[in-house]
Amino acid sequence: MPAAVYKPSPLVRNPSYFGLKTDKNHKRHKKSISWVDVSDEEDRGKKSLKRRNSAVNGHHDSAVNGHKHKKRRHSNDSSPQVNGAGPSQINGTLGTKAKALQEQRSQLPIAKGRDALIEEIRQNEVTILLGETGSGKTTQVPQYILESGLARNGMIAVTQPRKVAATSLAHRVAAEQNTTLGDLVGYAVRFDEKSSDQTRIKYLTDGMIVRELMSDPLLSNYSVIIVDEAHERTLRTDLLIANLKNIQKQRNQPSDAKGKGKANTSNPLKIVVMSATLDAEKFSKFYHNAKIIYVKGRQHPVKIYHAAESQLDYADAAMRTFFQIHTDQPPGDVLIFLPGQEDIESLQKSIELYAKQLPADKPAVLTCTMFAAQDHSQNNKAFNPTPPNMRKCILATNIAETSITIPGIKYVIDTGKCKEKQYLARISGGGFDTLLTRDITKSSAMQRTGRAGREGSGVCFRLYTEEAFQNMAVSGEPEILRCSLTASILNLKTLGQNLEELDLMDKPDFDTIASALKTLWLLGAIDQKQKLTPAGRKMAAFPLEPQYSCAVVASVQYNCVAPVLDIVSILSSSSKLFLDVTDQRTAAAEARRMFVHPRGDHLTVLNAFRAYKEIAAADSKSVRREWCRKHFLNERTFIEAKDIREQLVLVCRRVGINVEGEKEGGEEEEDGVIRSMGHGLAGNSAFLQPDGTYKQTMGQTIIKIHPGSSICDKKVPAIIYDDLMYTNQIYARGVSSIPKSFFLSVQAFNQRQA
DNA sequence: GAGCACTGC
């Protein structure tokens with residue numbers, strides 16, 4: 001093998017940011033932020049707390065730190081009203097498994113601070129809990145609150161940005177409480193709910209509780225709401241945090257406030273915001289300087305190496321570093337973080353190529369790739385145990401940063417890059433998303449590093465200098481500043497709220513709001529005075545992008561509700577329908593040709609869905625799977641779309657849209673479908689230009705049809721599209737041909753409907 | 001001529 005391959009990238013050893021075992025490390029860490037272990041004794045912790053608290057609210061004492069925590073979790077007796085909510089059969093009847101769980105619980109870093117923590121929450125309306133990964137905060141805090149009686153008779157909600165987190169946490173906590181899932185401990189995520197009258201601790205996605213706002217604006221079923229992973233600043237978390245501030249004001253204040261005699265003083269609300277990273281003060285300030293409590297985590301130490309000089313080619317640097325690890329370091333799998341699929345696939349090829357030239361005495365290399373667009377069976381290969389005398393090398397996107405934990409990782413190679421979607425708002429022609437490679441943030445770097453220390457001590461190689469690390473932003477821009485607000489604004493309108501008046505932690509800029517309002521007006525969802533129209537109220541009832549709920553509402557006119565539901569169900573599914581395996585593109589295109597509709601992607605999707613439903617009705621699971629595989633279709637998309645469709649049918653019934661009684665197929669139906677979609681996508685339309693590109697009808701932007709589209713090569717006079725995405729060029733995706741004459745009248749139609 | 005990650009009673 002060429003020597004250059006094994007020439008190590010210049011790397012500089014740095015002390016660990018995670019190995020907080022020694023004082024030396026602690027001091028270093030303090031430079032960025034001081035973590036106080038609630039289980040730790042005074043001196044170390046108090047100092048930092050003082051500094052922190054004086055910055056925040058001037059309180060120098062801390063209950064968390066000032067108490068000695070002799071009492072363990074069984075101390076229900078210390079609370080006024082336990083309400084039978086303690087762990088069931090805690091005495092005597094516990095099985096060995098349950099005992100082991102209790103033992104584990106009491107060993108968590110957070111366990112020793114339990115009483116102090118409860119006291120803080122009892123005394124404050126809002127508590128900010130800053131905890132490292134592995135502290136146990138997400139599973140334990142809700143149980144502490146329940147066992148202490150703080151929740152009275154109400155429920156404790158714990159919100160999560162991701163569905164899997166919500167469900168698996170509920171499983172875990174139900175086991176710890178030694179109860180059946182759905183009794184005392186439950187969860188609610190879209191399409192899946194396990195809860196009952198008995199449920200006191202409920203894990204839900206943030207989106208779920210935001211939806212719940214629409215039917216219960218005061219969230220009166222919950223007496224404690226714990227917002228977890230708040231640092232991720234998802235759009236829905238931000239909306240929730242803003243609403244909670246309002247709700248708490250209404251629920252906790254005496255009823256004389258502003259003539260709103262409805263304030264329910266008998267049902268006050270407590271808020272706990274949990275964050276894993278450095279920006280706790282922002283939450284604290286937002287909630288009137290709420291107290292911040294720190295909990296140290298438990299993580300195996302990870303050695304961090306930074307590159308001595310910046311690496312121009314991060315993929316090449318990653319490869320050299322990998323082989324450096326492979327030849328010099330003890331066994332253990334390697335995880336490489338890369339920005340996207342393209343880098344992953346090309347690096348995989350390079351690594352495999354060079355791995356073949358390894359000397360015989362070196363272990364062989366097994367590469368796995370992981371990214372969201374990849375088939376799940378492929379992604380899951382990373383979970384297979386590494387065969388003896390082999391080293392696994394996993395090439396992954398951000399998917400492995402938070403969503404998926406891969407066991408056995410000892411080494412992390414961090415390129416310091418990721419791709420991020422950013423919405424570019426423009427009033428004319430509508431905004432569009434950009435998807436560009438950029439530097440990661442500090443908290444993201446820490447998260448990636450932490451992936452090497454899940455099971456034992458590890459090593460992280462950062463392919464950027466320490467200086468570059470120091471120059472990184474602390475955390476990313478909140479999503480609310482990076483995405484289209486059309487759906488959120490519509491949903492808020494049904495609550496009588498205007499986004500621009502909402503007390504948000506970060507306020508989106510004017511263009512983003514104006515662009516969303518314009519879109520909503522085009523759809524007929526709001527009128528000239530920005531007031532919600534009856535059609536808009538219908539649209540908001542659907543868990544869909546307003547463009548698509550508008551299409552559903554419009555489809556009634558064309559007697560084609562059913563096929564439009566099929567299409568929007570597929571389009572709003574989280575995974576793509578058409579699988580893209582880079583080196584089998586021609587085969588995939590060939591296999592899909594039978595679904596392609598000359599009028600474009602929307603009807604192509606409809607054809608595929610109908611074909612699948614036919615197969616699904618007649619054949620076994622394995623036949624179905626094979627059929628999907630053969631046609632390069634993602635069966636998960638179909639399965640999810642069927643769930644979504646069922647949900648949409650229910651909403652249709654509720655808002656008085658009749659789904660039944662339409663005949664399938666025919667030109668008339670096709671026409672109606674395109675026209676319905678055209679109502680929703682009127683703002684997303686463009687005319688053909690002489691040079692073969694398209695120009696927006698409502699803006700000046702020149703766009704191209706995405707190469708993945710079924711009508712990419714066709715030069716049709718006018719198109720509608722699902723969205724625009726800027727990568728190398730501005731591409732329109734999800735494109736259909738539409739008669740020029742039609743969509744000029746659409747706007748007028750939408751307004752009339754309004 | 002091409003694909004960061006999530007989510008919705």
Side-chain angles (χ1 to χ4, degrees), chain A residues 159-166 188-193 195 202 204-216 219 221 229 232-237 239-240 337-345 369-374 396-404 415 417-422 433-438 440 444 447 476 479 482-483 487-488 490-491 540-546 548-549 569 572-582 585-586 588-589 634 640 643-644 647-648 650-651 654 692 704-709 712-713 725-733:
Chain A
T159 71
Q160 293 293 322
R162 283 168 292 280
K163 290 208 273 195
V164 274
V189 300
R190 195 182 187 190
F191 309 128
D192 192 8
E193 173 158 11
S195 68
K202 193 161 153 188
L204 7 69
T205 48
D206 48 13
M208 203 70 172
I209 203 162
V210 167
R211 271 276 157 181
E212 223 171 281
L213 273 175
M214 289 166 80
S215 58
D216 181 10
L219 297 173
N221 290 326
E229 312 285 7
E232 288 190 24
R233 300 293 305 276
T234 68
L235 173 62
R236 285 156 287 270
T237 294
L239 291 175
L240 176 65
F337 283 103
L338 290 150
Q341 179 179 347
E342 214 174 328
D343 283 318
I344 287 175
E345 284 171 347
T369 57
M370 256 192 162
F371 45 92
Q374 185 171 250
T397 61
N398 262 351
I399 196 169
E401 194 179 297
T402 46
S403 337
I404 292 176
T415 57
K417 301 284 177 190
C418 68
K419 282 193 186 180
E420 196 176 67
K421 209 152 104 171
Q422 171 103 37
D433 285 320
T434 64
L435 186 60
L436 302 170
T437 302
R438 50 169 293 171
I440 59 167
S444 180
Q447 185 75 36
E479 193 185 1
R482 292 190 290 113
C483 68
S488 300
L490 178 62
N491 287 335
F542 290 92
L544 291 171
E545 288 297 319
Y548 297 144
S549 49
S569 299
S572 30
S573 164
S574 57
S575 28
K576 272 195 205 134
L577 177 57
F578 298 112
L579 286 170
D580 187 18
V581 188
T582 312
R585 265 182 191 157
T586 42
N634 191 356
E640 192 183 343
D643 280 339
I644 295 174
Q647 200 181 25
L648 297 181
L650 291 179
V651 179
R654 212 171 70 223
K704 284 180 104 168
I705 298 179
H706 192 278
S709 167
C712 175
D713 307 316
M725 175 71 86
Y726 174 76
T727 49
N728 296 314
Q729 300 181 67
I730 303 177
Y731 290 110
R733 301 184 302 182

So, does A/Arg211 get its side chain near the phosphate of B/dC9, meaning an N or O under 4.0 Å from OP1 or OP2? yes
For A/Leu544, answer base if it contacts any base atom (sugar-phosphate contacts may also be present), sugar-phosphate if it contacts only those atoms, and nothing otherwise; contact means non-hydrogen atoms under 4.0 Å. base
Quick one: A/Asp713 CG to B/dA2 P, roughly how many Å, whole number? 13 Å
Partners passing ring pair (Phe, Tyr, Trp, His ring centres under 6.0 Å) against A/Tyr548 (at least two apart in sequence or in another chain): none
Nearest to the side chain of A/Ala487, heavy atoms from C-beta on, is which of B/dC9, B/dG8, B/dA2? B/dG8
Using a strict 4.0 Å threshold on nitrogen-to-oxygen distance, state whether A/Arg190 and A/Glu640 make a salt bridge. no
Looking at every strand, decide which applies to A/Glu342 at a 4.0 Å heavy-atom threshold: base, sugar-phosphate, or nothing. base
Separation of A/Leu436 atom CG from B/dC4 atom P, in whole Å? 11 Å
Hey, does the side chain of A/Ser709 reach the backbone of A/Arg733 with a donor-acceptor pair shorter than 3.5 angstrom? no
Does A/Gln341 put a side-chain nitrogen or oxygen below 4.0 Å from OP1 or OP2 of B/dA2? no
To the nearest angstrom, the CD-C1' distance between A/Glu479 and B/dC4 comes to 12 Å
Is a donor from one side chain sitting under 3.5 angstrom from an acceptor on the other, for A/Ser195 and A/Glu193? yes
Side-chain N or O of A/Lys163 less than 4.0 angstrom from OP1 or OP2 on B/dG8? yes
What nucleotide among B/dA5, B/dA2, B/dC6 has an atom nearest to a side-chain atom of A/Thr397? B/dA5
A/Glu232 and A/Thr237: side-chain donor and acceptor closer than 3.5 Å? no
Assign A/Phe371 to base, sugar-phosphate, or nothing according to its heavy-atom contacts below 4.0 angstrom with the strands shown. sugar-phosphate
Establish, with yes or no, whether the OP1 or OP2 oxygen of B/dC9 is under 4.0 angstrom from a side-chain nitrogen or oxygen of A/Ser215. no
Mapping A/Ala541 and A/Leu435 onto DNA chain B by nearest heavy atom, which one lands closer to the 5' end? A/Leu435
Report which part of the nucleic acid A/Ser574 touches: base, sugar-phosphate, or nothing (heavy-atom distance under 4.0 Å, all strands). base
Look at the side-chain N and O atoms of A/Thr205 and state whether any lies under 4.0 Å from the OP1 or OP2 oxygen of B/dG8. yes
Between C1' on B/dC6 and CE on A/Met208, what's the gap in Å once rounded to a whole number? 16 Å
Could you state the atom-to-atom distance from CG of A/Asp643 to C1' of B/dT7 in whole Å? 15 Å
Whether A/Tyr731 contacts B/dG1 is assessed here as follows: a side-chain N or O lying under 4.0 Å from the phosphate OP1 or OP2. Is that the case? no
Could you work out which one of B/dC6, B/dA2, B/dG8 sits closest to the side chain of A/Ile399? B/dC6
Whole-Å gap separating P (B/dC4) and CD (A/Gln422): 16 Å
Would you say the side-chain atoms of A/Ser444 and A/Glu401 include a donor-acceptor pair closer than 3.5 Å? yes
Would you kindly compare A/Lys419 and A/Val164 by the position of their nearest DNA chain B nucleotide and give the one closer to the 5′ end? A/Lys419
What's the CD1-P distance between A/Ile644 and B/dG8, to the nearest Å? 10 Å
Whole-Å gap separating P (B/dC9) and CD1 (A/Ile209): 12 Å
Any base atoms under 4.0 Å from A/Arg236, or only sugar-phosphate, or nothing? Heavy atoms, all strands. base
